[in-house]
There are 2 protein chains.
Amino acid sequence: MYTFGRPDRHPKSRVITVAYFALIPWERVCAESAEGVPHIAWRHVDALPYLYLDHAEIIDQARQRLVSKLQYSTIGFEFMPEQFTLGELQCVYETILGEPLDKRNFRKKVLAFGCVEDTGEQRRNGSHRPARLYRYTAPGEVLYIK
Amino acid sequence: MYTFGRPDRHPKSRVITVAYFALIPWERVCAESAEGVPHIAWRHVDALPYLYLDHAEIIDQARQRLVSKLQYSTIGFEFMPEQFTLGELQCVYETILGEPLDKRNFRKKVLAFGCVEDTGEQRRNGSHRPARLYRYTAPGEVLYIK
DNA sequence: TCAAAAGTGTTAACAATACACCCATGT
DNA sequence: ACATGGGTGTATTGTTAACACTTTTGA
């Protein structure tokens with residue numbers, strides 16, 4: 001994601017942090033303590049505890065990076081299971097961007113881009129019309145939402 | 001610019017390279033040998049000697065990064081001296097992007113963006129009309145060329 | 001029959017592109 | 001007078017954004 005190397009970012013010595021971020025399906029998320037790291041846990045990004053030094057800045061930059069990646073890549077699809085509805089996909093985009101998107105324009109762009117294919121299947125989800133299920137396929141070009 | 005950390009990128013051990021790039025005025029460019037680095041020199045990016053391991057890839061990525069930075073930042077102005085003509089600026093953009101740009105559209109965008117101001121001065125340069133000199137001023141928003 | 005999400009096209013505003021001529025100068 | 005780069009405006013095209021109603025289902 002970014003390498004933090006400002007000479008004065010650590011008070012004692014020169015510390016360089018290479019930060020990465022990964023998208024992990026919720027089912028596979030588990031927080032295991034490792035040697036030398038006694039208490040680790042997953043936290044909601046809006047409810048983080050005190051963070052050492054510039055670590056809050058690192059988190060912040062990762063969020064921003066995710067937002068911009070959403071605009072010039074198909075990273076949003078990485079949040080989807082194998083089959084998904086366009087409503088679910090739109091929900092991911094809206095959550096990350098932090099603003100509502102127009103349903104018609106969103107579907108238009110995604111479908112026109114041609115990185116999804118209709119599986120022919122549907123999902124019944126509640127007391128309303130069932131949604132079509134789509135599958136992610138390799139992108140041809142770059143997808144811009146917004 | 002980017003941190004290269006693939007575990008197998010060096011045959012002997014785990015080597016991590018944090019690559020940076022900088023824009024330096026030609027007058028201040030000098031290649032000094034340092035301890036342990038006997039022969040260093042500046043090379044034209046299109047005429048590089050053999051490069052160790054993935055170093056060619058690193059150079060390549062830096063070039064690409066420069067191209068994309070040109071599109072969402074005002075980095076192009078960093079190549080300019082304190083006063084410059086729009087023709088010179090366009091030349092920088094054309095060189096980096098590797099394609100000619102329309103003179104009128106280019107000037108329109110740069111001027112509309114409002115990150116330059118007319119110094120009132122001119123430069124006589126050859127047997128043709130003198131060019132206005134501009135000065136770079138802080139950008140308001142993001143400048144997109146192309 | 002009602003509530004709730006799914007699905008669908010058109011129009012207007014704006015941004016990007018293509019394009020050709022006159023200007024000021026030095027030789 | 002001519003060669004050279006400087007300077008300017010408009011028309012077209014393409015892209016993006018705004019907007020409202022019908023459909024299908026379960027309760």
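Numbers restart at 1 for each chain; the letters A, B, ... are given by sequence-line order, proteins then strands.
Salt-bridge formation is detected for the pair Arg123(A)/Glu88(A): a Lys NZ or Arg NE/NH1/NH2 atom is positioned less than 4.0 Å from an Asp or Glu carboxylate oxygen. Using a cutoff of 4.0 Å between basic side-chain nitrogens and carboxylate oxygens, Asp46(B) and Arg63(B) are scored as salt-bridged.
Here the P atom of nucleotide dG7(D) and the CG atom of Leu89(B) are 12 Å apart, to the nearest Å. One atom, CZ of Phe106(A), and another, P of dA6(C), lie 12 Å apart when rounded to the nearest Å. Residue Leu101(A) contributes atom CG, which lies 14 Å from atom P of dT16(D) at whole-angstrom precision. Distance Arg132(B) CZ to dT25(C) P: 13 Å, rounded to the nearest Å. Rounded to a whole Å, the CZ atom of Arg107(B) is 7 Å from the P atom of dG6(D). Separating the NZ atom of Lys109(B) from the P atom of dA18(C) is a distance of 11 Å, rounded to the nearest angstrom. Atoms CD (Glu121(A)) and P (dA6(C)) sit 17 Å apart, rounded to a whole Å. Distance, Leu133(A) CG to dA5(C) P: 17 Å, rounded to whole Å.
Using modelled atom types, no side-chain atom of Thr17(B) and backbone atom of Ala19(B) make a donor-acceptor pair closer than 3.5 Å.
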ask   = Would Gln61(B) and Glu57(B) count as a side-chain hydrogen bond (donor to acceptor under 3.5 Å, both in side chains) if you check the C-alpha gap in whole Å, the side-chain angles of each, and the deciding distance to 0.1 Å?
value = CA-CA 6 Å; Gln61(B) 207 162 316; Glu57(B) 196 186 308; over 6 Å; no
key: Working for side chain to side chain contact (heavy atoms under 4.5 Å, CB included), residues Leu133(B) and Phe84(B)   = CA-CA 5 Å; Leu133(B) 287 169; Phe84(B) 54 92; 5.5 Å; no
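Residue Phe21(A) places its CZ atom among more than 12 non-hydrogen atoms of other residues, nucleotides or ligands, all under 6.0 Å distant.
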note = Once base and sugar-phosphate atoms are separated, protein heavy atoms under 4.0 Å mark nucleotides 19-27 of chain D, 5' to 3', with B, S and - as BB--BBBB-
